[in-house]
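A short worksheet on the structure shown next.
No experiment lies behind these values; they were computed from the predicted model shown.
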Amino acid sequence: MQHFSQSADTLLRFALAAIVLAFGLAVVLLLAWPFTTHATGQGRVVAQPVQFSHAHHVGGLGLDCRYCHDTVQRSRFAGLPPTHTCMTCHSQVWTQAEMLAPVRRSLAENRPLAWKRVHDLPDYVFFDHSVHVANGVGCSTCHGAVQTMQQISQAAPLTMEWCLDCHRNPARWLREEDRVFDMQWTPPPDQAERGRRLLAHYGIRAEHLTDCSRCHR
């Protein structure tokens, strides 16, 4: 005697197929999630205590990166500008601008501005700005075209694979010393040959750049 109709059997088969499909989709999404912008933070804009425009200061006025990030050549960290750096100019221009009220208050109270980190690597990752800029890696290679950004955002995914991709073949991105802070730099047509020469010039042993201890110490 038949206890279930033919349609019930069809529905059961459909339900089992849907469960298998949903499980497979969940696995794919789980594996893909770490590479999405939601996970990596690429394109993320972080609210800052002062609306600072890199497009105006760098792109418009032509300020050098080192004017504000003055430890980038001698420290792991690029550094964030203290209030007196801002007031070098803003004690003379835009002195009463409302958007600069936090800067004036910071100076009056002798309390530093609480700038928030945009490019925030995990604590288990060791990254040294000074080593990179001393060996021909320019600011825009990692930070993008900040001279066009009204609000600074994370230009690159900063994943382990993204870093390793550069470490496996650094010659693609190496520049001469006088071009490291050039935000307009793009790889020239002869970058392959130029990069090989710069590897020797900087004494870079590329075969060791993917050693685990380079970034995990």
Side-chain angles (χ1 to χ4, degrees), residues 29-55 57-58 63-82 85 112-175 177 179-183 185 187 195 198-199 202 204-217:
L29 290 175
L30 186 63
L31 293 175
W33 169 256
F35 303 99
T36 66
T37 56
H38 295 287
T40 65
Q42 186 175 12
R44 175 185 59 193
V45 174
V46 179
Q48 300 291 352
V50 180
Q51 181 70 17
F52 182 89
S53 170
H54 279 76
H57 290 84
V58 180
L63 287 187
D64 187 281
C65 303
R66 292 163 289 185
Y67 186 78
C68 295
H69 306 289
D70 61 350
T71 61
V72 69
Q73 291 176 289
R74 62 178 187 274
S75 170
R76 282 185 58 191
F77 304 101
L80 292 171
T85 297
L113 290 163
W115 298 107
K116 297 179 181 177
R117 188 177 297 278
V118 176
H119 300 79
D120 192 10
L121 294 175
D123 292 341
Y124 54 80
V125 176
F126 178 87
F127 180 86
D128 191 319
H129 278 84
S130 64
V131 169
H132 285 78
V133 299
N135 286 280
V137 180
C139 303
S140 60
T141 297
C142 297
H143 294 290
V146 299
Q147 75 277 11
T148 67
M149 299 180 187
Q150 290 294 341
Q151 288 183 285
I152 198 73
S153 63
Q154 181 182 313
L158 303 183
T159 59
M160 180 175 176
E161 181 59 32
W162 182 81
C163 296
L164 284 173
D165 182 59
C166 184
H167 277 216
R168 292 184 185 114
N169 184 15
R172 293 172 297 169
W173 309 111
L174 297 183
R175 321 177 187 182
E177 289 92 338
R179 303 297 300 277
V180 167
F181 298 98
D182 179 2
M183 300 307 296
W185 184 87
L198 289 172
L199 280 173
Y202 290 117
I204 298 173
R205 299 178 62 185
E207 66 273 17
H208 292 295
L209 289 181
T210 55
D211 292 350
C212 299
S213 59
R214 288 289 178 182
C215 302
H216 305 291
R217 302 183 179 184

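With sequence neighbours left out, Asp182 forms a salt bridge (Lys or Arg N to Asp or Glu O under 4.0 Å) with Arg179. Shown here are the salt bridge (Lys or Arg N to Asp or Glu O under 4.0 Å) partners of Arg74, two or more places apart in sequence or in another chain: there are none. Phe181 meets the ring pair (Phe, Tyr, Trp, His ring centres under 6.0 Å) test with no other residue; sequence neighbours excluded. For Thr141, the side chain to side chain donor-acceptor pair (under 3.5 Å) partners two or more places apart in sequence, or in a different chain, are Arg175. Shown here are the side chain to side chain contact (heavy atoms under 4.5 Å, CB included) partners of Val46, two or more places apart in sequence or in another chain: Arg44, Gln48, Lys116, Val118. The ring pair (Phe, Tyr, Trp, His ring centres under 6.0 Å) search around Tyr67 returns none, not counting sequence neighbours. In this structure Thr148 satisfies the side chain to side chain donor-acceptor pair (under 3.5 Å) test with no other residue, sequence neighbours excluded. Among residues two or more places apart in sequence or in another chain, the salt bridge (Lys or Arg N to Asp or Glu O under 4.0 Å) test is passed with Arg66 by Asp64.
Checked by atom type and distance alone, the side chain of Thr37 never pairs as donor or acceptor with a backbone atom of Gln42 at under 3.5 Å. Although no hydrogens or angles enter the test, the distance criterion places a donor-acceptor pair under 3.5 Å between the side chain of His69 and the main chain of Gly79.
A pairwise comparison of heavy atoms in Met183 and Cys139 identifies SD-CB, 4.0 Å as the closest pair. Scanning all heavy atoms of the two residues, the minimum distance from Val133 to Gln73 falls at CG2-CA, 4.1 Å. What you find for Ser140 and Trp185 is that their closest heavy atoms are OG-O, 4.5 Å. Counting all heavy atoms, side chain and backbone alike, Gly195 lies closest to Leu174 at O-CD1, 4.1 Å. Annotation for Gln154 and Thr40: closest pair NE2-O, 2.9 Å, computed over non-hydrogen atoms. Counting all heavy atoms, side chain and backbone alike, Arg76 lies closest to Val125 at NH2-O, 4.2 Å.
Residue pairs that meet the salt bridge (Lys or Arg N to Asp or Glu O under 4.0 Å) test with at least one member in residues 151-165, sequence neighbours left out, are Glu161-Arg168, Asp165-Arg172. Screening residues 206-217 for salt bridge (Lys or Arg N to Asp or Glu O under 4.0 Å) gives Arg205-Glu207 as the qualifying pairs, with residues at least two apart or on separate chains. Among residue pairs with one or both ends in residues 136-171, those qualifying as ring-ring contact (aromatic ring centres under 6.0 Å, His included) are His119-His143; sequence neighbours excluded. Applying the side chain to side chain donor-acceptor pair (under 3.5 Å) test to residues at least two apart or on different chains, the pairs with a partner in residues 129-139 are Asp128-Ser130.
Expressed to the nearest 0.5 Å, how far CE of Met149 lies from CD of Gln151 amounts to 11.5 Å. For the atom pair CZ of Phe127 and CG of Leu158, the computed distance is 9.0 Å after rounding to the nearest 0.5 Å. Separating the NE2 atom in His54 from the CD1 atom in Ile152 is a distance of 4.0 Å, to the nearest 0.5 Å. The distance from the SG atom of Cys163 to the CG atom of Leu121 is 7.0 Å, given to the nearest 0.5 Å. Atom OG1 of Thr210 and atom CG of Asn169 lie 12.0 Å apart (nearest 0.5 Å).
Below 30°, between 30° and 60°, or above 60°: for Trp115 and Phe52 the angle between ring planes is above 60°, a perpendicular geometry.
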